[in-house]
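Structure first, commentary second.
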Amino acid sequence: MSGDYTLFPGCMIPLRYPQIETAARKCLPAVGIGLEEYPGFTCCPEPWTVKGTGLEEWLAVAMRNLAVGENSGRDLLVLCNGCYSTLREASHILSVNPEAAKAAEKKLSGLKVSYKGKVEVRHVASVLAGIGPEKIAKSVKRPLEGLKVAVHHGCHLLRPSSVMEFDDPFEPSILEDLVAALGAEAVRYEGYTDCCGRALNDVNAGLAMAEEKVRAMEEAGADCLALVCPACFEQFDLGQVEMKRHLKKEHHLPAFHYCQLLALAQGEDPDALGLSRHKIKVKPLHRKLGL
Amino acid sequence: MLKVDPGFKATLSTVESAGELSYCYQCSSCVAECPAAQRFPEFNPREIVLASLLGVAEYLTAEGSVIWQCATCYNCYERCPQGTHPVEVITALKNIAFDSGNAPENVSSLREAVMEHGTVIAPSDTIRKRRDELGLPELPDAPAEDMKKIMGRGGG
């Protein structure tokens, strides 16, 4: 499971939440995962709006990204559920639906790319799960003891389970084990596999879904939440600011990408990790984080 | 008067499995755990599949359609005993709505952004500076010219 991967950067992390990329680049080598650059990737493309405008071009753009990844000679590692959903599903469609594959190939005919179906797309959560909690725990220098963490998986990591192949689609536990490996306590809450609501076109309806989740997390005693997707991150971090403004509901539950918690537990400095950029302030947790 | 289009089903994209909707026996497993259905009573995946099957789906591809409230949570995909995948029927309906010029503005503009920048977010000097402060490598170049070649011929 350990080894070198080509980082598929996506859009939201490099262009809006680069602090998550910093955390990944700091924490992954310590558990034996090397991240290599490779030029030429674009948006995966995004799997609910861009996909909604045209499945054929969605597949063609994804196929091009898979071909670029294949050229790198390594499997792809993503830090985002959206990229995981698109690239994983596209790779599946290209292997089982020859008609769709042919149409996508035709759209790529003006470009110098060829895809042979030899690249695998891995989510960082799945690679870490393969390494296992014991080995991850060995990299921990500052255990997050006493920290209660509510895990939000995000839909596209789990479902469709036959394609994502990460964990049980309705009763997942792998991410919780990874949180426990950091010395923290993963707390279960009502509706823990529910959607963050990010994809609803009605922003306030989507926010209401996220608000319900944050409330359930707080009721379960969580100090913060952990997730593995920048879209979910935005829905919960910036989202809590918007909940106050649009729904008149106030919460202050800091959100972390799992890589950020791992980096903190490995002893990284919160300032070097850019955590002050989070809308929901992380500082009130510093004591619990051993800082 | 209600317009029935018996050929409608055949116009749904088959890139995913939207074409499997004939197997739907209207059990409502998809509705039970649908977060969008809980917030929008008119968003009912069972009815959306039925309307698509019968060819009375014009209201679903019209401007302001409720289909854009789909959370894409894939609960319906997992729960459907017939492999109908309502979420994929909905995506195929979205494609038809977009081709008819009826997609919401924010949806079309994300697609435009991918064509223009290669990413859904435009690169800026601010983000370049922040990446530098965070010790990250320079922003990778996303070849937008390739996106124009793939997507520039008038959509799906």
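Every chain is numbered from 1, with letters handed out A, B, ... down the list of sequences. Any value given below was found using the heavy atoms of this structure, including those in side chains, with hydrogens, waters and symmetry copies removed.
Proximity to chain A is limited to the side chain of B:Leu136, based on heavy atoms less than 4.5 angstrom apart. The parts of A:Arg16 that come within reach of chain B are both its backbone and its side chain, each placing non-hydrogen atoms under 4.5 angstrom from that chain. Proximity to chain B (any heavy atom under 4.5 Å) is shown, for A:Leu15, by both the backbone and the side chain. With a 4.5 Å cut-off on non-hydrogen atoms, A:His92 does not touch chain B at all. Interface remark: B:Val120 contributes backbone and side-chain atoms alike to the contact with chain A (heavy atom separation under 4.5 Å). Proximity to chain A is limited to the side chain of B:Leu139, based on heavy atoms less than 4.5 angstrom apart. For A:Arg64, the part lying under 4.5 angstrom from a heavy atom of chain B is the side chain only. Residue A:Tyr38 does not touch chain B at all, counting heavy-atom pairs closer than 4.5 Å. When heavy atoms are compared at a cutoff of 4.5 Å, A:Ala208 approaches chain B by way of both its backbone and its side chain. Of the two parts of A:Pro169, only the side chain, counted from C-beta on, holds a non-hydrogen atom closer than 4.5 Å to a non-hydrogen atom of chain B. Residue A:Ala272 touches chain B through its backbone alone, counting heavy-atom pairs closer than 4.5 Å. Only the side chain of B:Pro140 comes within less than 4.5 Å of a heavy atom of chain A; its backbone N, CA, C and O stay farther away. When heavy atoms are compared at a cutoff of 4.5 Å, A:Cys43 approaches chain B by way of both its backbone and its side chain. Looking at A:Pro39, there are no atoms closer than 4.5 Å to chain B (heavy atoms on both sides), in backbone or side chain. Residue B:Ala103 does not touch chain A at all, counting heavy-atom pairs closer than 4.5 Å. In this structure, chain A has a heavy atom under 4.5 Å from the backbone of B:Cys70, while its side chain stays farther away. At a 4.5 Å heavy-atom cutoff, the contact between B:Pro104 and chain A is made by side-chain atoms alone. Interface remark: B:Asp146 contributes backbone and side-chain atoms alike to the contact with chain A (heavy atom separation under 4.5 Å).
Counting only heavy atoms from C-beta outward, the side chains of B:Gln38 and A:Met209 never approach each other to under 4.5 Å. Between B:Ile150 and A:Leu111 there is a side-chain heavy-atom pair separated by less than 4.5 Å. Inter-residue side-chain proximity for B:Pro143 and A:Thr42 is flagged as met; some heavy-atom pair is nearer than 4.5 Å. Contact of the B:Tyr74 side chain with the A:Cys155 side chain is not registered, since no non-hydrogen atoms from C-beta on lie closer than 4.5 Å. Side chains of A:Thr49 and B:Trp68 form no contact here, defined as non-hydrogen atoms less than 4.5 Å apart.
To the nearest 0.5 Å, atom CD1 of residue A:Ile93 and atom OG of residue B:Ser17 are 7.5 Å apart. One distance of note links CG of B:Asp99 with OG1 of A:Thr53; it measures 8.5 Å at 0.5 Å rounding. The distance from atom OG1 of B:Thr91 to atom CH2 of A:Trp48, rounded to the nearest 0.5 Å, is 12.0 Å. In this structure, CD in B:Glu33 is found 12.5 Å from SG in A:Cys195, a value given to the nearest 0.5 Å. For the atom pair OG1 of B:Thr72 and CZ of A:Arg159, the computed distance is 10.0 Å after rounding to the nearest 0.5 Å. In this structure, CZ in B:Phe98 is found 12.0 Å from CG in A:Leu55, a value given to the nearest 0.5 Å.
Within 6.0 Å of OH on B:Tyr23 lie no more than 12 heavy atoms contributed by other residues, nucleotides or ligands. The local environment of CD in B:Glu133 is crowded, with over 12 non-hydrogen atoms from other residues, nucleotides or ligands closer than 6.0 Å. Around the CD atom of B:Gln26, the shell of radius 6.0 Å holds more than 12 heavy atoms that belong to other residues, nucleotides or ligands. More than 12 heavy-atom neighbours from other residues, nucleotides or ligands sit within 6.0 angstrom of CD on B:Glu145.
Ranking A:Arg25, A:Glu21, A:Lys26 against chain B, the residue ahead of the rest is A:Glu21, based on heavy-atom pairs under 4.5 Å. The greatest number of non-hydrogen atom pairs below 4.5 Å with chain A, out of B:His85, B:Arg128, B:Lys94, is found for B:Lys94. Looking only at heavy-atom pairs under 4.5 Å with chain A, the residue among B:Pro123, B:Ala71, B:Gly135 that has the most is B:Ala71. Counting heavy-atom pairs closer than 4.5 Å to chain A, the top-ranked of the candidates B:Ser13, B:Pro35, B:Pro137 is B:Pro137. The most heavy-atom pairs under 4.5 Å with chain B, out of A:Pro9, A:Ala60, A:Ser161, A:Ala104, come from A:Ser161. Between chain B and the residues A:Gly40, A:Gly10, A:Pro45, the largest count of heavy-atom pairs under 4.5 Å involves A:Gly40. The residue among A:Arg198, A:Glu46, A:His156 with the most heavy atom pairs within less than 4.5 Å of chain B is A:His156. Comparing A:Gly274, A:Ala100, A:Pro18 by heavy-atom pairs within less than 4.5 Å of chain B, the highest count is held by A:Pro18.
Residues A:Gly54 and B:Asn95 approach most closely at N-ND2, 3.3 Å, considering heavy atoms. Residues A:Val61 and B:Met147 come closest through the heavy atom pair CG1-SD, 3.6 Å.
Heavy-atom neighbours of chain B within the stretch residues 78-89 of chain A, taken at a separation under 4.5 angstrom, comprise A:Glu89. Among residues 76-83 of chain B, the residues having any heavy atom closer than 4.5 Å to a heavy atom of chain A are, in sequence order, B:Tyr77, B:Glu78, B:Arg79.
Between B:Arg111 and A:Glu57 there is a salt bridge, since at least one side-chain N of the basic residue sits less than 4.0 Å from a carboxylate O of the acidic one. In summary, A:Lys51 and B:Glu88 do not engage in a salt bridge, as defined by a charged side-chain N under 4.0 Å from a carboxylate O.
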Full working for side chain to side chain contact (heavy atoms under 4.5 Å, CB included) between A:Lys107 and B:Met151: CA-CA 8 Å; A:Lys107 280 193 179 290; B:Met151 305 165 80; over 6 Å; no

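Judged purely by atom type and a 3.5 angstrom limit, A:Asn97 uses its side chain to pair as donor or acceptor with the backbone of B:Thr14.
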